[in-house]
Amino acid sequence: MEQLLEELLAASRPYTKEGRLADYIPELSKADPNALGIYVVSSDGKHSWAGSYNQPFTIQSIVKPILLLLALMDNGIDAVRARVGVEATGKPFDAINTSEQALDSEHLNPMVNMGAIVMCTLIRGETYQERFARLLDLTRKLADNPDITVDEAVYRSEKSHGSKNRALAYLLKTYGFLQDDVEEVLDCYFRACSIRVDCRDLAHIAAVLANRGRAPGSDERIFPARFAQYVNAILLTCGMYDGSGEFAIRVGLPAKSGVGGGIMAAVPTRMGIGIFSPALDRKGNSVAGIHLLEQLSQRLFLSIF
């Protein structure tokens, strides 16, 4: 596997030149655009890697399936479905609205910013600090890494340049989706997006999803299998922003990207994959990362279709 990963990584490296770093969050523009790494964790616990697999970066939107998972664990599927829909919006992840009509839950899904902000309100806790602490604990558990923490510089950058997310949150409050203080909810969301991970962390999280809630190479169950099915289905249809349909054709896996350059992909029953390459396409997805994942999918026949 290591030899294959090295081969595919070398073939994908030129694609780092075709993307651009995210600059609307100033700290993200400091990343190395040439970085490219991959880590694979199989369902039986075997680990393989290549490239800049241990380069830390912030999780950004890849935290959204973890937010959804914790909301499901705290409330159940029916309660979550009552607040946030499951249909792809066909709009950019930070779109102000997805319809000319009044906003309702069917216009949201948990993989766009508005849906993820609502997810923060569904996490149990007396305060939003407690809610975030529970989210961080779950992230560490899924990644099998107790040392995961927040990148404080990115958090401050997110918070000081988060005007559009504030607009989204106040729109949600206008339509009754938020009852709590907007700034408290947003602080939880900004901190969530600023969690620092690497390719191994993402691969391990994806492996748990691929293994229907069980830790790879273990009988330990972290969450019910039905929640893995729910999260993976939404990742397949909505996880790659408004490029999810093309990604399904090219790669064919449940996956989530983040503007920090990460991609997390779950291969049901087989493996979890974590990729990092921060140069993005216009939809916010890693250019070289998608190419690398596409080639791996083709070589190992990973597509679920």
Side-chain angles (χ1 to χ4, degrees), residues 12 15 18-20 22 38 59-69 71-72 77 80-81 84-99 105-119 164-165 168 193 202-203 205-206 209-210 227-268 270-298 301-305:
S12 299
Y15 288 84
E18 298 187 10
R20 296 182 59 186
I38 184 170
I59 197 167
Q60 298 298 325
S61 283
I62 304 174
V63 80
K64 290 171 179 173
I66 306 175
L67 277 167
L68 172 59
L69 181 58
L72 290 168
I77 291 175
V80 171
R81 281 295 304 270
V84 179
V86 298
E87 301 297 337
T89 67
K91 301 286 186 178
F93 62 92
D94 59 351
I96 293 294
N97 203 344
T98 59
S99 171
S105 61
E106 291 303 312
H107 299 147
L108 309 176
N109 73 63
M111 300 301 120
V112 296
N113 290 13
M114 293 183 80
I117 291 169
V118 173
M119 288 296 100
K164 192 165 189 180
N165 280 321
L168 296 175
C193 292
L202 294 188
I205 295 168
L209 287 168
F227 294 164
Q229 180 182 10
Y230 191 97
V231 172
N232 284 335
I234 292 180
L235 289 179
L236 182 66
T237 58
C238 308
M240 299 298 287
Y241 303 134
D242 48 329
S244 296
E246 180 180 355
F247 184 85
I249 292 172
R250 290 176 59 184
V251 180
L253 293 173
K256 186 72 195 82
S257 60
V259 295
I263 301 177
M264 179 184 76
V267 187
R270 294 181 63 181
M271 67 184 69
I273 304 167
I275 290 176
F276 171 62
S277 182
L280 312 176
D281 63 20
R282 60 184 179 83
K283 295 183 179 180
N285 296 318
S286 170
V287 178
I290 288 179
H291 184 269
L292 176 55
L293 193 52
E294 179 182 14
Q295 297 305 304
L296 184 64
S297 179
Q298 291 177 358
F301 303 97
L302 301 182
S303 174
I304 67 173
F305 299 109

Contact between [X] and [Y] at the side-chain level, heavy atoms closer than 4.5 Å - yes or no?
{"X": "Leu202", "Y": "Phe276", "value": "no"}
{"X": "Met111", "Y": "Leu68", "value": "yes"}
{"X": "Leu69", "Y": "Tyr230", "value": "no"}
{"X": "Ile304", "Y": "Pro268", "value": "yes"}
{"X": "Asn109", "Y": "Thr237", "value": "no"}
{"X": "Ile263", "Y": "Asn285", "value": "no"}

Rounded to the nearest 0.5 Å, what's the gap from [atom1] on [X] to [atom2] on [Y]? Could you check?
{"X": "Ile234", "Y": "Lys64", "atom1": "CD1", "atom2": "NZ", "result": "12.5 Å"}
{"X": "Asn165", "Y": "Ile117", "atom1": "CG", "atom2": "CD1", "result": "5.0 Å"}
{"X": "Leu296", "Y": "Ile273", "atom1": "CG", "atom2": "CD1", "result": "5.0 Å"}
{"X": "Lys164", "Y": "Asn113", "atom1": "NZ", "atom2": "CG", "result": "9.0 Å"}
{"X": "Leu253", "Y": "Ser297", "atom1": "CG", "atom2": "OG", "result": "5.0 Å"}
{"X": "Ile38", "Y": "Leu293", "atom1": "CD1", "atom2": "CG", "result": "7.0 Å"}

Shortest non-hydrogen contact between [X] and [Y], atoms and distance:
{"X": "Met271", "Y": "Ala210", "answer": "O-CB, 3.4 Å"}
{"X": "Pro65", "Y": "Lys256", "answer": "CD-CG, 3.9 Å"}
{"X": "Ala22", "Y": "Leu280", "answer": "CB-CD1, 3.9 Å"}
{"X": "Ser61", "Y": "Ser257", "answer": "CB-O, 3.5 Å"}
{"X": "Gln60", "Y": "Gly258", "answer": "CB-CA, 4.2 Å"}
{"X": "Gly260", "Y": "Pro278", "answer": "O-CB, 3.8 Å"}

So, using side chain to side chain contact (heavy atoms under 4.5 Å, CB included) as the criterion, who are the partners of [X] when residues are at least two apart?
{"X": "Gln229", "result": "none"}
{"X": "Ala203", "result": "Tyr39, Val41"}
{"X": "Ala248", "result": "Phe305"}
{"X": "Gln298", "result": "Glu294, Gln295"}

Problem - Sequence-distant partners of Ser12, side-chain hydrogen bond (donor to acceptor under 3.5 Å, both in side chains), two or more places apart - result: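 Result, side-chain hydrogen bond (donor to acceptor under 3.5 Å, both in side chains) vs Ser12: His291.
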
Exercise for the section: Identify, with sequence neighbours excluded, every residue that meets side-chain hydrogen bond (donor to acceptor under 3.5 Å, both in side chains) alongside Ser277. Expected result: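 Result, side-chain hydrogen bond (donor to acceptor under 3.5 Å, both in side chains) vs Ser277: none returned.
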
Practice task
Go through the steps to decide whether Phe247 and Leu236 satisfy the test side-chain contact (heavy atoms from CB on, under 4.5 Å), and finish with yes or no.
Solution key: CA-CA 9 Å; Phe247 184 85; Leu236 182 66; over 6 Å; no

Exercise for the section: Give a yes or no on whether Tyr15 atom OH has more than 12 heavy-atom contacts from other residues, nucleotides or ligands under 6.0 Å away. Expected result: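 Result for OH/Tyr15: open.
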
Is [X] reaching over with its side chain to a backbone N or O of [Y], donor-acceptor style, under 3.5 angstrom?
{"X": "Lys283", "Y": "Asp242", "value": "yes"}
{"X": "Asn232", "Y": "Ala228", "value": "yes"}
{"X": "Ser244", "Y": "Met240", "value": "yes"}

Handout entry: side-chain contact (heavy atoms from CB on, under 4.5 Å) between Glu18 and Asp281, worked out
Key = CA-CA 8 Å; Glu18 298 187 10; Asp281 63 20; over 6 Å; no

